[in-house]
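First the structure, in the form of structure tokens, and then the observations on it.
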Amino acid sequence: MPDWKAEIRKRLAGLNLSATREIEIIEEVSDHIEGRYEDLLASGMSEDDASRCALADFIENDMLIQGLLQVERPIRQEPLVSGSGKTQMLGQLLQDLRFGARVLVKNPGFTLIAVLSLVLGIGANTAIFQLLDAVRMKALPVKAPQELAEIRIQDMHGARGNFSTNYNAVTFPIWEQIRDRQQGFSGIFAWATRDYNLAQGGEVLLAKTLWMSGDAFNVLGVQPILGRMFTAADDQRGCSTPGAVISHSFWQREYGGEAGVRDHTWAESFGAADGKGRGA
Amino acid sequence: MLGTEVKRGSTEMLILALVEDRPRHGYEIAKLIDQRSDGVLQFHVASLYPLLYRLEKRGLIAGKWVEKAGERRRRFYKLTAEGKTVLAEQRQTWKEFFAALDRVAGINPV
């Protein structure tokens, strides 16, 4: 028996149909030719004549191909990409992107879920990274942050002071002993926290401040934009020139970056150290 | 007024009418047209299948692969609801056409 399918496949090749569609048409048309062939044999025709006659209807003038050309939709051929390896790779990438875009447009539900998942995932990861970056990864804005260390009192037996916070407080004489006798660091400073009311009247304007020992800014290697920092010379009991170092953001926010802020006086005096210090 | 539409509709109507009662496959449709017209009308494979696919694409017929015991897998076509409407319209058009021919040329199909 003649191989109808091979003959049909050869003639359909020029239509550039999808593989599935081509198989369907081949199967259906070959079934028709097969039926015609069997009927011709049953009518008494020889095999050769029946085969020639059955195929003649199919082959004649390529009418089937012309008819199918008007009905069937051929697969769109992507343009061939010529050029060097990099150019070709770029062309293939563009083809993949176009294909991906078409698939996404065809499946709006899937696209919506995928985009929402990506947005939520990226957003959550970004938030977590920003938190970690601020807390753990970003270096302090000082000269040598990797050399900073915190000193804590290991044996608090019989100690006196304020132990209500995470940072154990020691008396000023003890701080002086630590400062003068330590040999492990090139510099050392102490600090303490306190809230001050900066308002001249009316609504209270609380500012979180630090008391710092005189050499603190020198140890940290921080230079002022305006005015001067505290020095070890200022670090005396009953300091006669009480003042404050304000942050750049506070200067910009509260005083608009004015140079006159150096002569500003706050309602509540910052005063001098009260005899207590904290290890830092 | 009837010219092109009637010519196109005649072949469409033949197929729609043959799948009106029950689903039929392509070769069966071609054979029935040949038999019922006593060989006057013939549909070759080359013209039949493009027309079947066109009618299917327009939603007038619906094709379905069916595999019966002891037989080859075949695609059977049946008339859709839209196909029934179109078939009724085409039948009416042809009736009017033949009536007009009869009035003018004395053609009376028996």
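All values derive from a computational prediction rather than experimental measurement. Note that these values count all heavy atoms, side chains included, but never hydrogens, waters or copies made by symmetry.
Atom NE2 in A:His32 sits 8.0 Å away from atom NE2 in B:His44 (nearest 0.5 Å).
By the side-chain hydrogen bond (donor to acceptor under 3.5 Å, both in side chains) test, B:Arg54 pairs with no residue at all, sequence neighbours left out.
Side-chain contact between A:Ile25 and B:Tyr49 is absent, with no heavy atoms from C-beta onward closer than 4.5 Å. Looking at heavy atoms from C-beta onward, B:Tyr27 lies in side-chain contact with A:Asp39 at the 4.5 angstrom threshold.
Residues B:Val45 and A:Val29 approach most closely at CG2-CG1, 3.7 Å, considering heavy atoms. Heavy atoms only, all atoms of each residue included: B:Tyr53 and A:Glu28 are closest at OH-OE1, 2.8 Å. Of all the heavy atoms in B:Pro50 and A:Leu68, the pair that sits closest is CG-N, 3.9 Å.
Taking a 6.0 Å sphere around NZ of B:Lys57, one finds it holds more than 12 heavy atoms contributed by other residues, nucleotides or ligands.
Of residues 68-77 of chain B, those residues with a non-hydrogen atom less than 4.5 Å from any non-hydrogen atom of chain A are, in numerical order, B:Arg72, B:Arg73, B:Arg74, B:Arg75, B:Tyr77.
Residue pairs meeting the salt bridge (charged side-chain N to carboxylate O under 4.0 Å, His left out) criterion with at least one member in residues 8-21 of chain A, sequence neighbours excluded: A:Glu7-A:Lys10, A:Glu7-A:Arg11, A:Arg11-A:Asp62, A:Arg21-A:Glu24, A:Arg21-A:Glu72.
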Side-chain atoms of residues 117-134 of chain A: list all donor-acceptor pairs with protein atoms under 3.5 Å, sequence neighbours left out, distances to 0.1 Å.
| residue | atom | partner | partner atom | Å |
| --- | --- | --- | --- | --- |
| A:Ser117 | OG | A:Ile113 | O | 2.8 |
| A:Asn125 | ND2 | A:Gly121 | O | 2.9 |
| A:Thr126 | OG1 | A:Ile122 | O | 2.6 |

